[in-house]
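Take this structure, written in structure tokens, and hold onto it; I'll ask about it next.
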2 protein chains.
Amino acid sequence: MTDLIRQDVLKKLEDGDYSCRKEFTLAMFSGKWKINLIYHLGHDGAYYFYELQRLLPQASHKELAKKLKELVADGLLDRQEEAGPRTKTVYSLTPLGRSLLPIIDAMYAWGDQRLSELQLDKITFSLGDPKKS
Amino acid sequence: MTDLIRQDVLKKLEDGDYSCRKEFTLAMFSGKWKINLIYHLGHDGAYYFYELQRLLPQASHKELAKKLKELVADGLLDRQEEAGPRTKTVYSLTPLGRSLLPIIDAMYAWGDQRLSELQLDKITFSLGDPKKS
DNA sequence: CTGGATCCACTGTGATACTG
DNA sequence: CAGTATCACAGTGGATCCAG
């Protein structure tokens, strides 16, 4: 659902409106699977398309291709075709894409922290007010 | 567009699946207007609902209320009603919401930088290959 | 192996209007 | 002033199929 933001921002840019700093950045990795793609490619190096498919089994073939295309269009990913009987495509982060990693890592850390707290809350709650009879 | 991610994450949490660190964080401020709301409340303090409306004129009354409700539910915003002939509601960031500011500021900085580059590219392009006859 | 097209169901959003 | 319901429409994503 997050592509609406990307649409909005792209439209603003077309109109010469460059007053959307944070929305622009958000548009880079919002949209399903995008943040995962950047994260994996950032930490593990390069991947073939079919490898990414295995990495994100929940993502449909179509969406994966679509999101990868957008990431390439935004300058975050590099795309290299390897000739052969079955053409293979390698994706990797560009330096620009790599520059997003600190932000994504910060998001990872924040989520990690927050989820720990939520788990503790849950346990505390369970102990203090058990649902079972 | 981006609420799909929020839906997904909330579902995962219900299922006891806490393996979605970055998606969880992303879910906090993806969704239209959310990042703007956090940003404004973080930098300016508290706002009445109607002030937020004026701050984000493009956002519809309904969506604003909906997103604010989600942000409160996620523990990022605090909501206080002021009694009176016309009930007014004040929104402000919770400490948890405030802890997101470094990430959002980083996104602002990244977008600022990137947009400058894009503008330069555009100018260079115009000079090198002018569209006009 | 990749990429794209089509069909279809569902979600997100805006406009409008109603309630307290 | 603030919150919500209803309707209508566009965007998104999954399944499937076809093409290079």
Side-chain angles (χ1 to χ4, degrees), chain A residues 1-12 23 26-27 29-37 41 46-73 77-92, chain B residues 1-12 23 26-37 41 46-74 77-92:
Chain A
M1 101 189 125
T2 305
D3 289 330
L4 270 182
I5 293 179
R6 190 168 181 273
Q7 300 306 318
D8 279 5
V9 172
L10 291 181
K11 192 169 204 171
K12 281 188 185 174
E23 293 92 327
L26 180 56
F29 48 71
S30 64
K32 234 177 167 184
W33 315 116
K34 279 192 179 182
I35 201 174
N36 293 287
L37 290 169
L41 289 171
Y47 279 116
Y48 288 111
F49 182 86
Y50 68 91
E51 291 178 314
L52 292 172
Q53 270 189 297
R54 260 183 273 153
L55 236 51
L56 277 47
Q58 315 266 31
S60 72
H61 175 104
K62 190 192 72 173
E63 281 306 302
L64 211 49
K66 190 178 174 187
K67 297 305 181 191
L68 284 168
K69 190 176 181 181
E70 288 180 2
L71 289 168
V72 171
L77 261 50
D78 196 36
R79 202 188 94 109
Q80 285 291 332
E81 291 192 3
E82 282 185 8
R86 287 294 185 197
T87 314
K88 293 195 287 186
T89 313
V90 190
Y91 290 94
S92 58
Chain B
M1 79 204 123
T2 305
D3 287 330
L4 268 185
I5 293 179
R6 190 170 181 274
Q7 301 305 320
D8 278 4
V9 173
L10 290 182
K11 193 167 202 170
K12 281 189 187 175
E23 293 93 326
L26 180 57
M28 291 299 101
F29 47 71
S30 64
K32 231 177 170 183
W33 314 117
K34 278 192 177 180
I35 200 173
N36 292 288
L37 290 170
L41 290 171
Y47 277 116
Y48 288 110
F49 182 88
Y50 69 90
E51 291 178 314
L52 291 171
Q53 270 189 295
R54 259 183 274 150
L55 236 51
L56 276 47
Q58 315 268 30
S60 71
H61 175 102
K62 191 195 70 171
E63 279 308 302
L64 211 49
K66 189 178 173 184
K67 298 306 182 192
L68 285 168
K69 192 175 179 179
E70 289 181 1
L71 289 168
V72 171
D74 288 338
L77 261 51
D78 196 35
R79 201 189 94 107
Q80 285 291 331
E81 291 192 3
E82 282 185 10
R86 286 294 185 197
T87 313
K88 294 196 285 188
T89 312
V90 191
Y91 289 93
S92 57

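Per chain, numbering begins at 1; letters A, B, ... match sequence-line order.
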Parallel, tilted or perpendicular: ring planes of Y91(A) versus F49(A), cut at 30 and 60 degrees: tilted
Touch check for K62(A), heavy atoms < 4.0 angstrom, all strands: base, sugar-phosphate only, or nothing? base
Using a cut-off of strictly less than 4.0 Å, decide whether K67(A) has a side-chain nitrogen or oxygen near OP1 or OP2 of dT12(D). no
Check whether any side-chain nitrogen or oxygen of K69(B) sits under 4.0 Å from OP1 or OP2 of dT4(D), and answer yes or no. yes
For the side chain of T89(B), starting at C-beta, report the closest nucleotide among dA15(C), dA2(D), dC1(C). dA2(D)
Would you mind reporting whether V90(B) and D78(B) have side-chain heavy atoms less than 4.5 Å apart? no
Side chain H61(A) and base dG3(C) donor-acceptor under 3.5 Å: yes
Considering only side-chain heavy atoms of R79(A), which listed nucleotide, dG14(D), dG3(C), dT2(C), is closest? dG3(C)
Test item: L64(B) and L37(B) side chains (from C-beta on) under 4.5 Å apart, heavy atoms: yes
Integer-rounded Å distance: dC1(C) P and L68(A) CG: 15 Å
Length of the CD-C1' vector between E63(A) and dA5(C), whole Å: 13 Å
With nearest nucleotides of DNA chain D determined for T87(A) and Y91(B) from heavy-atom distances, which residue corresponds to the more 5′ nucleotide? Y91(B)
Is there a side-chain contact between E63(B) and K66(B), using heavy atoms and a 4.5 Å cut-off? yes
Considering every strand and a 4.0 Å limit on heavy-atom distances, what is the contact class for A65(A): base, sugar-phosphate, or nothing? nothing
